[in-house]
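Below is one structure, written out as structure tokens; the observations come after it.
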Amino acid sequence: MSDVLIRGRVLTFVREPAGIDDAGAYRYHEDGAVLVLNGKVADVGTYADVANRAGSGITIADHRPNLVLPGLIDTHLHFPQTQAIASYGAQLLEWLNTYIFVEEQKFREPQHAAFIAGRFMDELLSNGTTTAVAYCSVHPESVDAFFTAAKERNMLMIGGKVMMDRNAPEALRDTPQKGYDETKHLIGKWHGRGRGRYAISPRFAITSTPEQMEMSRALVAEHPGCYVQTHLSENKDEIAFATSLYPEAKDYTDIYARYELLGRKTLLGHCIYMSDREISVLAETGAVGVFCPTSNLFLGSGLFDRDRFDKLGARHSVATDVGAGTSFSMLETMDEAYKVLHLQGQRLSPLHSFYMMTLGNARALDLEHRIGSLHVGADADIVILDSRAKPAMQLRMQVATSLAEELFVLQTMGDDRCVAEVYVAGRPMKHGRREQTKTPIERAASLASVAAIGRLRSGFRKLGSRDI
């Protein structure tokens, strides 16, 4: 079903809120409706007006008294780390060695990659996320699985194969030429196919030689429509290691600048320990610093300084960063973002949180014409949120007196239980959807995955610190 009149309390943002009382930043209809035709938003407004214009015969999905919002957007996470979430007790480099590089070796098995890709997409949808930017593993099979699963659900997803040719286990290393050739092939195969978009993905400066960074530069020049994703200044040891590998660079940011990897389509995960000079470079190039609060707290990395980004005019977005991030939920992510900023004397209003999860992140991706708001012509990616989904929330909501207060309850107490329904291009995905419609490939993959992991485990060795 793609033609439907969705009724509920409709909320969508039109600009960044200036404060908690900035009613001009959003449009809200207490009894509202969104008309969806052929997967697009065809009309939005009060229910009475939209229903009258839609005429008789349209299917009505009545979600009152729940909120109707644009689908949530996640700008940085790792699909091969889906089963590595909640891995105990390490900071970044040790954590990569101990858990992540072991986990990612499994994705050379197509069956395992397909199984996890399907679960990954469904986990996003269960949490109300309809678009995400994700790293795949070094294996082309993981990219094929990622985009295949996204295409089956008609999701607008952005992703790409990580390129890394040093400081990682041999089984996870490519070469400069191989990384270039595989990436170029995958761009041709997947970029612009369905709703998919490709992200050229040198993992970070530590795991790419200068030769591979040159190949990344060439890919970006040849494919200006693609995104670029990498990591920057997450951890002090990481910064010291990266700058020691590129001693000619002024600082960590300058490494990427020297290889012309910074631009409006560049997403830089973390950006915690940044000088004013570095943030100014991001402002000048339009590159986006990605705030990953649950990951930064979990790995003990540090606190993102949003106000300094704003002061210096640099763009930023927000993301879960699964699997160092501890939840697929953007609601839970914004709860932690509030605390990270509060610790630094910075405020995050509930209006700003919901703006960031929707229109703000869409603007960071330069996709606000398609996603992130409910405007005529937008893709009909929509989430229905129930602010009374848990008994404690229901009790709290008995004394809530404003929309902003309700949004803060959702942000602070909410999780996947608050997601009543999700529409992807107008199709309902959460209830009555995929459990009965898994593809034969996904059914086979789920059965084959266990056997694949058994074979792989026999070849794993424990990685020491010398491997990073």
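Along the sequence shown, residues carry numbers from 1.
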Closest approach of Y135 to V162 (non-hydrogen atoms, all atoms of both residues): CD2-CG1, 3.5 Å
Say whether T320 and D74, considering side chains only, have a donor N or O and an acceptor N or O under 3.5 Å apart. yes
Results of ring-ring contact (aromatic ring centres under 6.0 Å, His included) for Y355 - residues two or more places apart only: H352
Partners meeting salt bridge (charged side-chain N to carboxylate O under 4.0 Å, His left out) with D43 (sequence neighbours left out): R53
Would you call E368 and R15 a salt bridge, using N to O less than 4.0 angstrom? no
Nearest heavy-atom pair of V220 and L261: which atoms, and what distance? CG2-CD2, 3.8 Å
So which pairs with a foot in residues 338-358 pass salt bridge (Lys or Arg N to Asp or Glu O under 4.0 Å), sequence neighbours left out? D335-K339, E336-K339
Ignoring hydrogens and angles, write down the donor-acceptor pairs under 3.5 Å from the side chains of residues 225-232, residues two or more places apart or on other chains.
residue : atom : partner : partner atom : Å
Y227    : OH   : L365    : O            : 2.7
Q229    : NE2  : A134    : O            : 3.0
Q229    : NE2  : S201    : OG           : 2.9
T230    : OG1  : P202    : O            : 2.7
T230    : OG1  : R203    : O            : 2.9
T230    : OG1  : Y256    : OH           : 3.3
H231    : ND1  : R203    : O            : 2.8
H231    : NE2  : H76     : NE2          : 3.4
H231    : NE2  : H78     : NE2          : 3.3

Check this for me, if you would: do E109 and K106 make a salt bridge, where the nitrogen-to-carboxylate-oxygen distance has to be below 4.0 angstrom? no
Pairing of K265 and D366 as salt bridge, 4.0 angstrom limit: no
Looking at residues at least two apart in the chain, or sitting in another chain, which of them share a ring-ring contact (aromatic ring centres under 6.0 Å, His included) with F408? Y338
Quick check on the 6.0 Å ring-centre criterion: do Y88 and Y99 meet it? no
Evaluate the criterion side chain to side chain contact (heavy atoms under 4.5 Å, CB included) for residue pair L262 and V281; output intermediate values, then yes/no. CA-CA 9 Å; L262 301 181; V281 169; 3.7 Å; yes
Is it true that F79 and F107 have ring centroids separated by less than 6.0 Å? yes
If I compare all heavy atoms of E278 with all of S233, which pair ends up nearest, and what's the gap? OE2-OG, 4.3 Å
Worked verdict on R363 versus E16 for salt bridge (Lys or Arg N to Asp or Glu O under 4.0 Å): CA-CA 10 Å; R363 286 177 168 175; E16 184 172 4; 5.8 Å; no
Shortest non-hydrogen contact between K161 and Y198, atoms and distance: N-OH, 3.0 Å
Any side-chain hydrogen bond (donor to acceptor under 3.5 Å, both in side chains) involving residues 379-388? Give me the pairs, sequence neighbours left out, ordered by first then second residue. K40-D379, R195-D379, R195-D381, R370-D379, S387-E406
Does NE2 in H369 sit with more than 12 non-hydrogen atoms of other residues, nucleotides or ligands closer than 6.0 Å? yes
